[in-house]
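Structure first, commentary second.
Side chains included, hydrogens not; waters and symmetry mates left out as well; all remaining heavy atoms used. A, B, ... follow the sequence lines: proteins, then strands. Residue 1 opens every chain.
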Amino acid sequence: EPEVTQTPSHQVTQMGQEVILRCVPISNHLYFYWYRQILGQKVEFLVSFYNNEISEKSEIFDDQFSVERPDGSNFTLKIRSTKLEDSAMYFCASRQQGAFSYEQYFGPGTRLTVT
Amino acid sequence: GEDVEQSLFLSVREGDSSVINCTYTDSSSTYLYWYKQEPGAGLQLLTYIFSNMDMKQDQRLTVLLNKKDKHLSLRIADTQTGDSAIYFCAESPTSLFYNQGGKLIFGQGTELSVKP
């Protein structure tokens, strides 16, 4: 069964460093998402991406964040200068194109620890 | 604004039914979802319901939607120890039509503990 994959599973970085989190969405999906879950808190929407551009972003998704689809399979989230409060589990998700494609599938997540 | 609320904990005995409740605020929500998260794992889509439905059944899972009260519930029949996990309710407040985003707004999750 097709699934969303994410790498790495755990990333440790120092405050101020740049990180890139990688996702491979399900191959025939065209909508892509990033969410994050700070320990013990709700899963929060960060950004949605379709047709090579951002369709919607939350207040959390400020100038230190960016997303890219560098090729036909990967979808990345870059955090330019990490802060301690960026420590969280980051989930990638994808769904098919079409008005009735309502199933959004999530990857296993990348745990980001900023020290 | 968009908000989803769930109770934090539920404990049941194996073989009993579990009912997990959720309230949401956005009346424009088109789809409502239930996801399951096991320890250390990602979010697994369990089931969803379209906002013009009252009920959906899928094997041991029954979803009930009261649109007037903006209340959603997930009933798990014959709950097993393997059902122990965190269950998230989510709403999709933006239209899924015309290529709009389709972001999900999640509740804080209900931790279901199943005792043998």
Whatever's closer than 4.5 Å to a heavy atom in chain A on B/Gln44 counts as neither

Next on the checklist: Surrounding CG of B/Leu8 (heavy atoms of other residues, nucleotides or ligands, distance under 6.0 Å), is the total greater than 12?
Outcome noted: yes

Turns out that what part of B/Leu45 lies under 4.5 Å from chain A's heavy atoms comes down to side chain

Task: Hydrophobic cluster membership, A/Phe32 vs A/Val24, 4.5 Å side-chain cutoff - done: no

Determine, step by step, whether B/Phe88 and A/Gln37 satisfy the side-chain contact (heavy atoms from CB on, under 4.5 Å) criterion, reporting the C-alpha distance in whole Å, the side-chain angles of both residues, the deciding distance to 0.1 Å, and the verdict.
CA-CA 12 Å; B/Phe88 291 92; A/Gln37 185 182 29; 3.5 Å; yes

Open item on the list: Is it the case that atom NZ in B/Lys56 sees more than 12 heavy atoms from other parts of the structure closer than 6.0 Å?
Closed with: yes

Minimal heavy-atom distance between B/Leu104 and A/Tyr35, with the atoms involved, is N-OH, 3.0 Å

One option among B/Gly107, B/Ala41, B/Gly109 has the most heavy-atom pairs under 4.5 Å with chain A, and it is B/Gly107

Only one of B/Tyr48, B/Tyr33, B/Tyr35 passes side-chain contact (heavy atoms from CB on, under 4.5 Å) with A/Gln104, and that residue is B/Tyr35

Heavy-atom nearest pair, A/Lys42 first then B/Phe106, reads CD-O, 3.4 Å

One should read off an interatomic distance between B/Lys103 NZ and A/Ser58 OG, to the nearest 0.5 angstrom, of 7.5 Å

**OP:** For residues A/Phe91 and B/Gln37, determine if any side-chain heavy atom of one lies less than 4.5 Å from a side-chain heavy atom of the other.
**Re:** yes

Should we count CZ of A/Arg22 as having more than 12 external heavy atoms under 6.0 Å?
no

task: Report, as yes or no, whether the 6.0 Å neighbourhood of atom CD on B/Gln59 holds more than 12 heavy atoms from other residues, nucleotides or ligands.
output: no

Handout entry: Heavy atoms of other groups near A/Asp71 CG, more than 12 under 6.0 Å
Key = yes

Q: Tell me, yes or no, whether the heavy-atom count around A/Met15 atom CE, taken from other residues, nucleotides or ligands under 6.0 Å, exceeds 12.
A: no

